[in-house]
Amino acid sequence: PAAAPGDPAIAATPDAKPAETPTVPAAAPVEAVEAQTITLENDFVRFHFTNMGAGVATAELLKHTRSLEGGDGFVTINEVNSKMPIGALSTGPGMIDVTGWQVQSQSPTEVVFFKDKADGLRMQKRFWLPQSARAPNGDGGDEDAPDPYVLNLQLTIRNIATAPMVVNRRFLYAGAAAPLHINEWTREIGYFWKPADDSMEFENVDQFRKGLMRKEKSQEDFPVSALSWAGVNDQFYTAMIRAETPGDAGVWARRFPIVLNGDAEKSKKKKLHAIEAGFGLPEFTLNVDDQRTMNYEFYLGPKEYKRLKGLGDERTEVMNYDALPIIGAIFGWAIRPLAAFLIVMLEWMHGFVPYGVAIILTTILIRLVIWPLYAKSTRTMKRMSKLTPKMKEIKEQYKDDPQKQNQEIMGLYKKYGVNPLGGCLPMFVQMPIFLGFYRMLSSAVELRHQPFLWIDDLSMPDTLFDIPGTSIPFNLLPLLMAGTMIIQMKVSPQSGDATQRMIFMFMPLIFLVICYNFASALALYWTTQNIFSIGQTMLMNKLPEPELKKKKLKEGAGKGKGFMQRLQEQAEAQQKAKKASQLVGEKGDRHTKGKSKKKKKR
């Protein structure tokens, strides 16, 4: 459609960024506005615009089908709330402007909307597609070209009132995110915001529910200093808005119930909710006939690590690799770089082999790197198993004196140069690696719909069939994982008492229950690791047994205290301090009692 009569023409410049200070139309738009749909697209995404709110109603991702067979169409950003377009103006949670805007101009690569607001502001929104977009993962095209999932917005606000105006309390709608399938983990669905000088913050949709020390809520609304980017995401896809110039603004988020795939009963039973968010605009004052222009970049696409890294501004944080309760706070510093390294490694290997093979090869490579550590741990465990009879004698001899018992056991470790924590070291090293694999595989859209052997989709459980008479799926890989864990424990050196060994024997069952419905890629990694460990342990068992010899002190030894000696001395010091405090307490009680008796006699 042509611009309204009297409006200045705005030339379409698809290969260049529009002017920094465009002129907003001076004439008022026609009041009666009919609903219109405009589509801009490239080879990767199809943006469906609506003038009812002037934004992106939905974005179809043309390289990502909804189902494995592809018969259900493409994955669509904001589909769950398409009547509220991304980029629409908002005044708060759930309050979205969906009134009609004039379409001033359009071309195959851009569309311009404008509208006179009742408060005396005239607004123009200019959306355009970057040109010569690079292919996925940088394959082909110009490496420095814009990403195909990026959409640019230039928002210009002009004061047409008769007095200066303060422009405040306005947001851009960032869209809504919802589960892709009925069994998707809701903890992967949430909203996020990133201040320019701080780390990204993320809250999943479950954090709106009532919990420990937390009231149930349906929405949030708060200011953010120097807001850089914010948005919503599900397990594999995200809608993100980034300000060209970060400013003090606000963020709001709201959750609302949804019905997925037309299954109202199951959706209600699982309490499925979607999350939506608003990206705040800065507050400013406009004099009469003044205008201000703000530029924003939208990313509506998959959470591909390499692609997000190419966008810059630390947008890889949206992968949220360290989003693990408590554990993330402890191991997050290691999980984030490990997960990033692992996905880059898988992507590189996928250039030569299928993803399933890449997972196996990556697992083997990691195990080869930590082989020396594992070998040292195995020898320590074997030496500890030889100390077991001596430890039993000490426990029997000093069964009535726990302090003396601990001292003698610590002395035994010191005498034979055995570190009781040495056997646990590989477990501590492997924990961040496992968590990095787990978090990477949980959000790796690259693995979605990737087959391997009998597995149809590495991002989903490898369900072969439902167990007859039940709705329980039969997932083979988790069973293989648990079975190989049991074999690994059988061939490993036995240490600790019977109770400890019994607890360890339950570990395969515990992990089977926890991981049964995880992505099959994770079970593949763990099964591969177990099989490698079995072979490694069997090989180690063929080597000569380590001898249990008393540690010989070298000349000058004893000046520096070893770990076991420091541990023993700390235990003894604590015991002495405890006894001293007890004696002081008893003496104080006696003095107090004596004084009380004297007072009574008087």
Would [X] and [Y] count as having a side-chain donor-acceptor pair, cut-off 3.5 Å?
{"X": "Tyr296", "Y": "Glu244", "answer": "no"}
{"X": "Asp462", "Y": "Ser520", "answer": "no"}
{"X": "Glu60", "Y": "His48", "answer": "yes"}
{"X": "Ser90", "Y": "Trp252", "answer": "yes"}
{"X": "Thr58", "Y": "Asn78", "answer": "no"}
{"X": "Thr50", "Y": "Thr37", "answer": "no"}
{"X": "Asn81", "Y": "Glu276", "answer": "yes"}
{"X": "Tyr237", "Y": "Arg448", "answer": "yes"}

Answer yes or no: is there an ion pair linking [X] with [Y], defined by an N-O contact shorter than 4.0 Å?
{"X": "Arg170", "Y": "Asp119", "value": "yes"}
{"X": "Asp313", "Y": "Arg242", "value": "yes"}
{"X": "Arg439", "Y": "Asp322", "value": "no"}
{"X": "Glu314", "Y": "Lys194", "value": "yes"}
{"X": "Glu79", "Y": "Arg66", "value": "yes"}
{"X": "Glu265", "Y": "Lys268", "value": "no"}
{"X": "Arg315", "Y": "Asp147", "value": "no"}

Test ring-ring contact (aromatic ring centres under 6.0 Å, His included) applied to Phe511 and Tyr438, Tyr516, Trp526, the passing residue: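 Exactly one option meets the ring-ring contact (aromatic ring centres under 6.0 Å, His included) with Phe511, and it is Trp526.
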Sole residue of Phe202, Phe222, Trp229 in ring-ring contact (aromatic ring centres under 6.0 Å, His included) with Trp193: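 When Phe202, Phe222, Trp229 are each tested with Trp193, the ring-ring contact (aromatic ring centres under 6.0 Å, His included) holds only for Phe222.
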Qualifying residue for side chain to side chain contact (heavy atoms under 4.5 Å, CB included) with Ile510, from Leu512, Ile514, Val513: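 Only one of Leu512, Ile514, Val513 forms a side chain to side chain contact (heavy atoms under 4.5 Å, CB included) with Ile510, namely Ile514.
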Parallel, tilted or perpendicular, as decided by the 30° and 60° cut-offs, for the rings of [Y] and [X]:
{"X": "His350", "Y": "Tyr355", "value": "parallel"}
{"X": "Phe49", "Y": "Phe47", "value": "tilted"}
{"X": "Tyr525", "Y": "Phe437", "value": "parallel"}

His64-Phe236 aromatic ring centre distance below 6.0 Å: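 No: the rings miss the under 6.0 Å criterion.
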Gln154 backbone acceptor or donor facing Asn295 side chain under 3.5 Å: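 Judged by distance alone, no pair lies under 3.5 Å.
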Side chain to side chain contact (heavy atoms under 4.5 Å, CB included) between Leu153 and Leu172, worked out: CA-CA 11 Å; Leu153 165 65; Leu172 291 174; 4.0 Å; yes
Over 12 non-hydrogen atoms of neighbours within 6.0 angstrom of NZ in Lys309: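 No, because the 6.0 Å sphere around NZ of Lys309 holds 12 heavy atoms or fewer from other groups.
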Test side chain to side chain contact (heavy atoms under 4.5 Å, CB included) applied to Lys63 and Phe74, step by step: CA-CA 8 Å; Lys63 304 296 182 180; Phe74 301 109; over 6 Å; no
